[in-house]
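Report on the structure given below.
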2 protein chains.
Amino acid sequence: MRLSTRAQYAVRAMVDLSLYSEGRPVSLKEISRREEIPLNYLEQLFFRLKKGQIVTSVRGPGGGYVLARQESAIKVGEIVETVEEQLSPVACLDEGDRSCRRGARCLTHTVWQGLGERIKGFLDSITLADLTREARTRPAGGGDNEKGVCQPTG
Amino acid sequence: MRLSTRAQYAVRAMVDLSLYSEGRPVSLKEISRREEIPLNYLEQLFFRLKKGQIVTSVRGPGGGYVLARQESAIKVGEIVETVEEQLSPVACLDEGDRSCRRGARCLTHTVWQGLGERIKGFLDSITLADLTREARTRPAGGGDNEKGVCQPTG
DNA sequence: ACATACCTTACTATAATTGTCAAGTATGCA
DNA sequence: TGCATACTTGACAATTATAGTAAGGTATGT
Ligand code: FES
Ligand code: FES
């Protein structure tokens, strides 16, 4: 039941982008340095995030990425769903799956279905604004992890 | 965010055990045949389930496994937690993890923590009795999956 | 004794994930 | 125009986790 590190990275990167962008584009190089995420890996993530219309890109020197919408209109659930292949706990919940008959026949299906709904519901109840608001009111104290995010390995 | 098939198997097997046991022990061979789960794999699962004190075993001919408690006292969350290595969505939530400092510093931690609590809370709100009750009131109609469970691959 | 059925460890194959590499395209600026 | 920046995209290797197999052992009822 682990979240992929991709998803954790993506949320961290989005928080970083949101915190450091003041209207201007933020380059992946910056994010990579601050968050200690491999640049090439970030590129893959943002490729997906762009397709998911969560960010837009500006090419060329001085370019980078910008939020596609306001912080308050970007849900954590969206970010996770965009970079993860599937957010649902079991395969039969996915769109287009026909391998087992649902409905009244399957006892356990409703359990996993309910679980999936809770997960999505919870993650969709939190926006980027919720996360950055906290960071802004709390001026970065010292320490090696000053912006308040951490490695997914721990 | 996928549940392991181990967990799905385990819940299915426990439902099966619960449905077919009428006080007497149920052998893994039976469950294996009905649920089409490899016997050796079931043995591994029940090894864990026994350690988790969810079932007890009776050895020798005519032996098998019995629920350690009443159906209504066995939560789905317990079963999943017992056979999965970890139920929490990120590593830093696990017991004994010291790799990153929690508390006020980490912005995203509270999100994953909240998520983990929802997941566990939901799965703990459902008991084996909830699942079998439904099956008992609905006398097995024909079909190839008569007891109302299905393969995790679909 | 013998058959049943649980107990336990070890191992392998397969898939998913993580992360790297490399080559390309668009753009701003001197 | 030429160059540096930085996004774009696909392919791929390394690592890890999972699923499943195998085999031998132990307890117990008949
Ligand atoms: S149909 Fe979804 S778990 Fe059975
Ligand atoms: S301390 Fe848990 S996610 Fe950062």
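Side-chain atoms of A:Q44 lie closest to D:dA11 of the nucleotides D:dA19, D:dA11, D:dT21. Residue A:P61 has its side chain nearest to D:dA4 when only C:dT18, D:dA4, C:dC6 are considered. Comparing atom distances between the B:L28 side chain and each of C:dG19, C:dC6, D:dA4 picks out C:dC6 as nearest. Distances from the side chain of B:N40 to the nucleotides D:dG20, C:dA5, D:dT21 place D:dT21 closest.
In this structure, the CZ atom of A:F46 is 20 Å from the C1' atom of D:dG10, given to the nearest Å. Atom CG of B:L45 is separated from atom P of C:dC7 by 13 Å (rounded to the nearest Å). Counting to the nearest Å, the P atom of C:dA16 and the CZ atom of B:R2 are 10 Å from each other. A straight line from CG of B:L3 to C1' of D:dA17 spans 15 Å, rounded to a whole angstrom. In this entry the distance linking CD of B:E30 with C1' of C:dT4 reads 13 Å, nearest Å. To the nearest angstrom, C1' of D:dT5 lies 12 Å from CG of A:L39.
At a threshold of 4.0 Å, the pair B:R6-B:E85 counts as salt-bridged, since one of the basic side-chain nitrogens sits closer than that to a carboxylate oxygen.
Two residues, B:R6 and A:K29, neighbour DNA chain D, and the one matched to the more 5' nucleotide by heavy-atom proximity is A:K29.
Taking side-chain N and O atoms only, B:Y41 has no distance below 4.0 Å to OP1 or OP2 of D:dA22. The phosphate of D:dT18 has neither OP1 nor OP2 within less than 4.0 Å of any side-chain N or O from B:S4. A:Y9 has a side-chain polar atom (N or O) that falls below the 4.0 Å cut-off from OP1 or OP2 of C:dG19.
Across all strands, A:Y65 comes closer than 4.0 Å only to sugar-phosphate atoms, never to a base (heavy-atom distances). Using a 4.0 Å heavy-atom cutoff across all strands shown, A:E43 reaches at least one base atom of the nucleic acid.
Remark: the backbone N or O of A:Q53 is paired with a side-chain donor or acceptor of A:R69 at under 3.5 angstrom.
Of the residues in residues 47-60 of chain B, those with a non-hydrogen atom less than 4.0 angstrom from any atom of DNA chain C are B:F47, B:K50, B:S57, B:V58, B:R59, B:G60.
B:K75 and B:T127 form no side-chain donor-acceptor contact under 3.5 Å, judged by distance and modelled atom types alone.
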